[in-house]
Amino acid sequence: MTSAVQPTRRGVLGAAGAGALAMGLTGAGGSAGGSAAAVSSYRSDRRGRSDRSDHGDGRPADGGGGRGRTVAILLYDGFTALDAVGPYEMLCRLPGVRVVTVAHRPGPVRTDTGQLALTAERALADVRRADVLLVPGGGNRGTVATMEDRAILNWVRLLHRRTTWTTSVCTGSLILGSAGLLKGLPATTYWASRPYLAKLGAVWTPGRFVEAGRIITAAGVSAGLDMGLHLAARLCDDATARATQLAVEYDPHPPFDSGSPEKADETTRRLALKLIDDAVVPAA
């Protein structure tokens, strides 16, 4: 990663958050209208192209049904739990789909708060191919360190060559961008990290998740649940995805309406960033 786009250890949520607040939360890529134009241009460019990995609509070339499909979820020190667990819950019960957790080495991997660990089943070197790659986001420490981790970035590039879908949740898109996978593409990320997408060559685009060919990026944390359902439909079919939604009783009616920065006032936005900062375990 060049110094021009290299964030500070506090950058991807803290400094970027301040930038997002100052910019009126329009994102680094300009207005939503400009982002929509970028999506339209990208989709137009894709029309008529064949893709040996699908039928043109993103569904698997083997006819669907989720048969023999592998989903690899990357874990790294300082990732955010729900970024990984949310999509996992939507995908782990699909017929024939195997979800595997991957890290530098097998064993427990701590989340950004340090209060929870998930177990990585496999090492990076042991997973050379997956149908779906999912990269979760994390706190500043975890995200920035992973954006600079050559072993992980090389592994992401390797898997992306043969995935049907390469996906991210929250600041995981900054990791994809650091691997060079988002150049010129519409993408989304955590609301306070939007300015970094432009520095990595992407065009911030509003939405719970943004699909650009084989790459799907989800917005912050809980948006991974929505993207997971979308992937369930792609890996299997709409009926299975609807049944999955009911299986996990995903019918959100939150008691507050401040779940996006556009709906929250400045005081709430600043407090949200403080809560994240205060909960994150500092670097050793």
Side-chain angles (χ1 to χ4, degrees), residues 12-13 16 20 25 27-29 32 35-36 38-39 42 58 71-76 79-92 94 97 99 101 111-112 118 130-139 142-143 146-147 156 159-160 163-179 181-182 185-197 200 202-235 241 244-245 248 250 252 254 259-263 272 276:
V12 297
L13 295 179
L25 301 161
S35 300
V39 176
Y42 178 80
V71 177
I73 300 179
L74 174 67
L75 303 182
Y76 55 86
F79 75 97
T80 297
L82 191 59
D83 289 9
V85 174
Y88 166 83
E89 281 294 332
M90 297 300 185
L91 301 174
C92 67
L94 298 181
V97 172
V99 182
T101 48
T111 63
D112 47 4
L118 298 185
D131 300 285
V132 178
L133 168 62
L134 190 141
V135 178
T143 301
T146 306
M147 291 169 70
V156 166
L159 261 66
H160 177 65
T163 59
T164 303
W165 293 284
T166 297
T167 71
S168 66
V169 180
C170 199
T171 56
S173 59
L174 304 185
I175 297 169
L176 294 185
S178 295
L181 303 187
L182 298 183
L185 297 183
T188 190
T189 190
Y190 186 66
W191 65 270
S193 302
R194 293 171 184 173
Y196 275 102
L197 281 177
L200 295 167
V203 179
W204 175 74
T205 304
R208 289 288 279 175
F209 59 87
V210 175
E211 186 166 7
R214 294 168 50 220
I215 295 180
I216 309 174
T217 55
V221 194
S222 65
L225 291 162
D226 294 3
M227 185 185 73
L229 270 180
H230 177 69
L231 282 170
R234 289 303 190 90
L235 287 164
T244 296
Q245 182 175 3
V248 299
Y250 180 50
S260 75
E262 289 77 16
K263 296 178 179 179
I276 290 174

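- Contact detail for Gly137 and Thr143: the closest heavy-atom pair is C-OG1, 4.3 Å.
- Checked by atom type, the side-chain pair Thr188/Arg208 shows no donor-acceptor distance below 3.5 Å.
- By the side chain to side chain contact (heavy atoms under 4.5 Å, CB included) test, Pro87 pairs with Leu134, Val169, sequence neighbours left out.
- A side-chain contact (heavy atoms from CB on, under 4.5 Å) with Thr163 is found for exactly one of Asp131, Leu133, Val71, Val132, namely Leu133.
- Atom CG of Leu174 is separated from atom OG1 of Thr217 by 10.0 Å, given to the nearest 0.5 angstrom.
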Run the numbers on Tyr190 and Ile276 for side chain to side chain contact (heavy atoms under 4.5 Å, CB included), then give the verdict.
CA-CA 12 Å; Tyr190 186 66; Ile276 290 174; 3.1 Å; yes

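- Residues Tyr76 and Gly142 share a closest heavy-atom pair of CE1-O, 3.5 Å.
- For the atom pair CG (Asp83) and OG1 (Thr111), the distance works out to 10.5 Å, reported to the nearest 0.5 Å.
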For the pair Leu159 and Thr166, evaluate side chain to side chain contact (heavy atoms under 4.5 Å, CB included) and give the outcome as yes or no after the intermediate values.
CA-CA 8 Å; Leu159 261 66; Thr166 297; over 6 Å; no

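- Scanning for side chain to side chain contact (heavy atoms under 4.5 Å, CB included) contacts around Tyr88 gives Ile73, Cys92, Val99, with sequence neighbours left out.
- In this structure, Leu182 and Ala187 approach most closely via the heavy-atom pair CD1-CB, 4.2 Å.
- Using a 4.5 Å heavy-atom threshold, the side chains of Leu118 and Thr101 count as separate.
- One distance of note links NE2 of His160 with OG1 of Thr167; it measures 11.5 Å at 0.5 Å rounding.
- When side chains are defined from C-beta on, Leu200 counts as touching Met147, because their heavy atoms get closer than 4.5 Å.
- Evaluation of the side-chain hydrogen bond (donor to acceptor under 3.5 Å, both in side chains) rule for Thr189 yields Ser173 as partners, not counting sequence neighbours.
- Shown here for Thr171 and Gly138, the closest heavy-atom pair between the two residues is OG1-N, 3.0 Å.
- Atom-to-atom distance recorded for Ser193:OG and Leu197:CG is 8.0 Å, nearest 0.5 angstrom.
- Every residue two or more places apart in sequence or in another chain that forms a side chain to side chain contact (heavy atoms under 4.5 Å, CB included) with Leu225 is listed here: Met90, Tyr250.
- For the residue pair Ala232 and Leu94, the shortest heavy atom distance occurs at CA-CD1, 3.7 Å.
- Shown here are the side chain to side chain contact (heavy atoms under 4.5 Å, CB included) partners of Ala179, two or more places apart in sequence or in another chain: Leu153, Val156, Arg157, Leu181.
- Screening residues 205-224 for ring-ring contact (aromatic ring centres under 6.0 Å, His included) gives Phe209-His230 as the qualifying pairs, with residues at least two apart or on separate chains.
- With rounding to the nearest 0.5 Å, the separation of CH2 in Trp165 from CD1 in Ile215 is 13.5 Å.
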